[in-house]
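All remarks here apply to the structure that follows.
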Amino acid sequence: MRLFVALSLPETVQDRLSDLCQGVPSAKWVAADNLHLTLRFIGEVDHAEADDIHDALERVDCEAFDLDLVGLDTFGEGRKLRQLWVGVGENPALQRLQGKVEKAVQRAGQPPERRKFKPHVTLARFKSSPGPKLGEFIQSYGLLRIGPIRMADFVLYSSQLSPGGSIYREEARYPLSHLPANMASRPLAAGLVG
Ligand code: 2AM
């Protein structure tokens with residue numbers, strides 16, 4: 001299975017973002033309920049590895065925090081533009097959580113992520129040049145600011161590639177705060193372990 005760890009966004013925020021998602025030809029917009037902020041992409045693992053990752057994530061002890069979504073930016077430029085995304089206001093608590101998730105995933109035996117963490121919520125992906133409409137979109141919504149959004153947990157998702165786009169499934173949710181470890185421990189979602 002293909003796994004990643006992310007912050008899920010409240011439905012109200014997903015809907016607000018999704019309402020913006022139009023008017024740029026060639027944009028492949030992310031479906032509202034797929035909008036999320038990735039903390040760590042893991043990729044393909046087997047069931048035993050997935051269990052180890054789950055066990056390690058259950059031990060992550062980090063405080064709940066508020067998140068602000070701020071502004072728009074892209075990965076790649078011009079003809080090489082690949083993604084349009086919403087950024088995140090400076091957030092030490094988010095950085096702490098990401099660091100702990102990274103350590104947990106490594107403790108579970110996965111290789112380290114080499115790329116620097118750049119928190120973002122992908123709105124659209126591009127296979128061909130978006131043309132001038134993207135500039136207009138960024139002009140219209142570049143000052144976007146949504147928040148504070150309370151982040152009280154994080155999620156282990158599986159992702160299945162399908163012709164209609166990726167299907168994300170929540171496999172486990174991990175509370176943030178300072179609960180004793182035994183209160184934070186729950187089994188994996190049914191079906192993750194074979
Ligand atoms: P993205 O939003 O920047 O595309 C599920 O696919 C999540 O994992 C997405 O948020 C995606 O980030 C991220 N992701 C997918 N493939 C990845 C890869 N090869 N390396 C890092 N992150 C990846």
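Not measured: the values here are computed from a predicted model. Just the heavy atoms: all of them, side chains too, but no hydrogens, waters or symmetry mates, feed the values below. Indexing begins at 1, ligand by ligand and atom by atom, following the structure's order. By convention here, the first residue in the shown sequence is residue 1.
- Each of Leu57, Leu97, Thr38 was evaluated against Val5; a single residue qualifies, Leu57, per the side chain to side chain contact (heavy atoms under 4.5 Å, CB included) test.
- In terms of protein heavy-atom proximity, atom 6 (O) of ligand 1 is closest to Tyr168 OH, 3.7 Å.
- Using a 4.5 Å cut-off on side-chain heavy atoms (C-beta onward), Phe137 and Val24 make contact.
- In this structure, Trp29 has its ring center no closer than 6.0 Å to that of Phe126.
- Salt-bridge check for Arg2 with Glu44: failed, with every basic side-chain N at 4.0 Å or more from each acidic carboxylate O.
- Interface atoms of ligand 1 facing Arg115, defined by a heavy-atom separation under 4.0 Å, are 18 (C), 20 (N), 21 (C), 22 (N).
- Taking the six-membered ring where the residue is Trp, the centroids of His54 and Tyr174 are separated by under 6.0 Å.
- A donor-acceptor pair is defined here as one N or O able to donate and one able to accept, closer than 3.5 Å; no such pair exists between the side chain of Asp68 and the backbone of Val70.
- Nearest to atom 4 (O) of ligand 1 among the protein's heavy atoms is Arg125 NH2, 2.6 Å.
- Contact annotation: for Trp85 versus ligand 1, there are no heavy atoms closer than 4.0 Å.
- In this structure, atom 7 (C) of ligand 1 lies nearest to the protein heavy atom Thr38 OG1, 3.3 Å.
- Lys100 and Glu102 are not joined by a salt bridge, as no carboxylate oxygen comes within less than 4.0 angstrom of a charged side-chain nitrogen.
- In terms of protein heavy atoms, atom 2 (O) of ligand 1 is closest to Thr122 OG1, 2.5 Å.
- Considering backbone and side-chain N/O atoms, His120 comes within less than 3.5 Å of an N/O atom of ligand 1.
- Residue, atom and distance of the protein heavy atom nearest to atom 14 (N) of ligand 1 are Phe41 CD1, 3.3 Å.
- Atoms of ligand 1 found under 4.0 Å from any heavy atom of Gln83 (numbered from 1 in listed order, with element): 1 (P), 2 (O), 3 (O), 4 (O).
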